[in-house]
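All remarks here apply to the structure that follows.
In this text the structure is predicted, and so the values were computed from the model without any measurement. Excluded from the calculations below are hydrogen atoms, water molecules and symmetry mates; all remaining heavy atoms, backbone and side chain alike, are included. Order of appearance sets the numbers: ligands from 1, and atoms from 1 within every ligand.
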Amino acid sequence: MSDRRGGPRGDLKQRVRTARGRTVSSKRWLERQLNDPYVARAKREGYRSRAAYKLLEIDERFHLLRPGQRVVDLGAAPGGWSQVAAAKVGSHPGAAGPRGRVVGIDLLEIEPMPGVDFITLDFLDPSAPARLVDLLGGPADLVMSDMAANATGHRKTDHLRIMGLAETAAAFAREVLAPEGAYLAKVLQGGTEGALLADLKRDFAVVRHVKPAASRADSSELYVLATGYRGEAGGPQDGEPDEDETASDWRP
Ligand SMILES: C[S@@+](CC[C@H](N)C(=O)[O-])C[C@H]1O[C@@H](n2cnc3c(N)ncnc32)[C@H](O)[C@@H]1O
């Protein structure tokens, strides 16, 4: 995520091999970080994470973020997505145009950021939704989740965990989104399945899967994007969904 462990390339092997008994996988992670153009770009352009480019790319394609909007960032640390959202919705002091609002939550503490309110808490904690709603001060235009539980290495467990987070985020989105609002969440290869996909198709006009270029090709992550929220009491609750762009938006 962050590149804080990066260092001069010259002594890479020595550092990777000896530092605190790193495992093979963390050594691979570190080498990849040091060679990743998005990590270098994030450092250069002042983003807290390479993940910022995933949201920038998704927003460029689908125009999710606009001045004056309210945005919830789930799994916000270290804050790359929040930085992008704050700049686009104009939530920072002195922003031109209508003032937006960004609230974020993470298990990890996040360094303060102008125009963004962060909560350090497990999103699955029963008190989390109400605390986010309090800070939001009105219906949300976008609920976005980049939450990922630490990988256990057990494929099925990891899949279930990330889907559980995406489902909880979707349930929250349904409670706080304004009509026409959007939901964006990290899922795993194979995409959104079963009940979550059916619910999203029922409650949103369009459901897509997106794999931004900044998402590593060898990673099984991708994002589900649902736009055009029909509202709590809205739209048809049964019958066929309007549209499913899942297949056409796949970019493996
Ligand atoms: C890939 S990182 C997010 C990067 C972020 N979008 C950015 O741009 O900087 C995933 C984050 O999800 C957080 N996370 C995982 N499970 C969580 C939970 N149950 N509640 C809150 N945060 C969680 C992790 O602590 C981690 O910081």
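Hydrophobic clustering (ILVMFWY, side-chain heavy atoms < 4.5 Å, transitive): M147 and L135 are in one cluster.
At distances below 3.5 Å, not a single donor-acceptor pair connects side-chain atoms of D146 with backbone N or O atoms of G75. Here the side chain of Y53 pairs a donor or acceptor atom with the backbone of R41 at under 3.5 angstrom. At least one donor-acceptor pair under 3.5 Å links the side chain of Q69 to the backbone N or O of R66. Proximity of a side-chain donor or acceptor of D106 to a complementary backbone N or O of A76 within less than 3.5 Å is detected.
Of all atoms in ligand 1, listed by their number and element, those nearer than 4.0 Å to a heavy atom of A148 are 10 (C), 12 (O), 15 (C). Atoms of ligand 1 lying under 4.0 Å from at least one heavy atom of S49, given by number and element, are 7 (C), 8 (O), 9 (O). Those atoms of ligand 1 that come under 4.0 Å of a heavy atom in P78, given as number and element, are 9 (O). Below 4.0 Å from some heavy atom of D122 lie the following atoms of ligand 1, by number and element: 18 (C), 19 (N), 20 (N). Close approach of ligand 1 to L165 is summarised as follows: ligand atoms under 4.0 Å from at least one heavy atom of the residue are 19 (N).
Taking all atoms of both residues into account, the shortest heavy-atom contact from A178 to P139 is CB-CB, 3.7 Å.
Contact annotation: for S82 versus ligand 1, there are no heavy atoms closer than 4.0 Å.
Among the atoms of G80, some N or O lies under 3.5 angstrom from an N or O of ligand 1. For the pair A51 and ligand 1, the shortest N or O to N or O distance does not fall below 3.5 Å.
Here atom 5 (C) of ligand 1 lies nearest to A77 when heavy atoms of A149, A77, G79 are compared. Among L108, D73, D106, the residue whose heavy atom lies nearest to atom 24 (C) of ligand 1 is D106.
By the 4.5 Å heavy-atom criterion applied to side chains, T227 and L184 are not counted as neighbours.
The shortest separation from a heavy atom of L121 to ligand 1 is under 4.0 Å, placing the residue in contact. Residue contacts with ligand 1: R48 is excluded, as none of its non-hydrogen atoms falls under 4.0 Å.
Here CZ of R101 is found 7.5 Å from CG of L136. Values are rounded to the nearest 0.5 Å.
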